[in-house]
S.K.: 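My questions all concern the structure below.
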2 protein chains.
Amino acid sequence: MSARPEGTPRRLPKGERTRTRILDSATELFSRSGFNAVSLRDIAAHAGLTHAGVLHHFPGKESLLIEVLDRRDRADAHAVFPGITHPGTPEPGPGVRLRMLVELVARNSGTPGLVALYTKLSAEATDPGHPAHHYFRERYRILREEVAVLVEALRAEADPPVDVDPAVAARQLLALMDGLQTQWLLEPEAVDMEVLVCDFLLRLGLDPEGGARGGGLSA
Amino acid sequence: MSARPEGTPRRLPKGERTRTRILDSATELFSRSGFNAVSLRDIAAHAGLTHAGVLHHFPGKESLLIEVLDRRDRADAHAVFPGITHPGTPEPGPGVRLRMLVELVARNSGTPGLVALYTKLSAEATDPGHPAHHYFRERYRILREEVAVLVEALRAEADPPVDVDPAVAARQLLALMDGLQTQWLLEPEAVDMEVLVCDFLLRLGLDPEGGARGGGLSA
DNA sequence: GTCTATATCGCGATAGAC
DNA sequence: GTCTATCGCGATATAGAC
């Protein structure tokens with residue numbers, strides 16, 4: 001609405017640029033050394049200001065972490081569910097999307113640091129007063145909805161019809177993925193998240209390799 | 001080995017008694033106000049010493065939390081798997097034990113504070129340097145083993161034989177329970193952990209109401 | 001007004017005196 | 001075994017620079 005005064009040649013407001021600079025610094029330091037090992041003063045120094053300056057742009061250290069993870073989350077969500085970030089985008093077929101979801105699980109195995117941050121934060125955010133509480137409620141709501149739609153689509157086109165409640169399966173699948181991440185972080189070598197998730201999907205009667213089938217463990 | 005010197009009439013060493021006193025205070029305060037909201041100085045004051053005195057008995061605040069949860073954990077484990085705490089104890093039948101496991105899930109719904117502490121700690125403990133790391137690795141190892149044995153026993157006595165890998169099912173069941181706790185803490189009114197766990201068990205071909213059966217969602 | 005720095009607080013944790 | 005310093009931390013309020 002308000003017309004911009006004459007003397008502001010920069011394309012981005014200055015505050016927005018330092019905000020991004022802080023976020024970039026936080027992303028790099030958190031990914032390298034974890035959350036607890038990095039102080040606000042470290043991040044501030046890396047971004048070229050004092051720790052109080054950082055706290056002017058972000059209400060606290062946790063909020064900084066939330067925004068770092070949110071950026072990664074948006075990228076992942078866009079890969080599997082284009083409908084979330086770009087509502088009009090035509091989505092690939094349900095079979096392909098299920099395959100992408102499983103691949104996301106496998107891909108997470110490559111970034112244990114970020115998976116650990118996410119797992120820790122989702123647990124802390126169960127506190128209603130936590131700065132990330134609303135964010136995670138929304139995140140689960142959206143993911144649950146998308147996965148339920150996906151399951152319903154696969155259920156409908158199953159040759160021998162499968163007996164699955166999409167809402168129930170969505171909650172179970174998300175819970176399974178979260179719980180497996182904890183076990184995998186504790187024993188990375190002993191847990192193959194992709195195999196365990198696929199086994200569950202097959203048991204639902206959904207084939208993560210292509211379409212849908214009857215049910216059971218293997219062929 | 002070392003013989004006790006003459007002047008020690010108390011039945012418990014003094015240090016052991018203050019240790020227990022500190023643990024009791026921590027249990028009460030953590031359960032009432034949560035982990036972050038309670039300081040070491042609060043606990044120390046409640047137990048009648050200074051915060052440095054507490055840190056003489058426990059290496060840190062997290063370790064204090066670990067021991068608090070460990071005491072509750074032992075009680076729960078003894079209820080469902082008597083074999084853990086009392087190796088010689090004859091266990092009830094597998095059907096009964098599965099039912100007890102499901103009841104434990106339902107019972108947890110009554111203590112959201114402790115469930116939240118446990119969820120948060122298990123996430124933090126994925127860090128190999130965390131004081132609770134070893135504890136949680138051991139905990140999952142034992143639980144996985146016990147659940148796998150339980151599944152195997154149920155599988156063997158199933159009338160129409162069920163196609164289940166006990167080790168796979170154990171990991172999945174524990175992951176599901178953990179993940180559902182997070183979702184339940186976020187939306188207590190929207191998640192019925194017992195129903196979702198039972199549905200999964202039925203899908204494995206295990207009947208949490210009594211024996212074992214073919215599989216599927218409902219009767 | 002927008003942004004950054006200084007000052008202060010209680011916190012968890014450590015070292016050393018008693 | 002307990003206490004008295006002391007440290008750096010996250011967080012807040014407030015004052016100063018652009």
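The sequence lines fix the lettering, A, B, ..., with proteins before strands; numbering per chain opens at 1.
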S.K.: Output the residues of residues 54-63 of chain A in contact with DNA chain D, where contact means a heavy atom of the residue under 4.0 Å from an atom of the strand; sort by number or write none.
M.R.: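 Hits under 4.0 Å, by residue number: A:Leu55, A:Pro59, A:Gly60, A:Lys61.
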S.K.: Given side chains that start at C-beta, do those of B:Glu138 and B:Arg141 come closer than 4.5 Å, heavy atoms only?
M.R.: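 Side chain of B:Glu138 against side chain of B:Arg141, heavy atoms only: contact under 4.5 Å found.
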S.K.: Charged N to carboxylate O below 4.0 Å: is that the case for A:Glu124 and A:Lys120?
M.R.: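 Yes, charged N to carboxylate O under 4.0 Å.
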S.K.: Distance under 4.0 Å to a non-hydrogen atom of chain B counts as contact; along DNA chain C, which nucleotides mark the start and end?
M.R.: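 Range of nucleotides within reach of chain B: C:dC11 to C:dT14.
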S.K.: Judged by atom type as modelled, is there a donor-acceptor pair below 3.5 Å linking the side chain of A:Gln172 to the main-chain atoms of B:Leu196?
M.R.: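 The answer is yes, because a donor-acceptor pair under 3.5 Å joins these two groups.
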S.K.: Does the A:Arg137 side chain pair with the main chain of B:Glu187, one donor and one acceptor, at a distance under 3.5 Å?
M.R.: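 No.
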S.K.: If you define the side chain from C-beta out and look only at heavy atoms, does anything of A:Asn108 sit under 4.5 Å from A:Tyr118?
M.R.: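 No. Closest side-chain heavy atoms not under 4.5 Å.
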S.K.: Charged N to carboxylate O below 4.0 Å: is that the case for A:Asp165 and A:Arg171?
M.R.: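 No, no charged N to carboxylate O under 4.0 Å.
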S.K.: Tell me, which pairs form a side chain to side chain donor-acceptor pair (under 3.5 Å) where one or both residues lie in residues 47-57 of chain A, sequence neighbours left out?
M.R.: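 Residue pairs with at least one partner in residues 47-57 of chain A: A:Thr18-A:His57.
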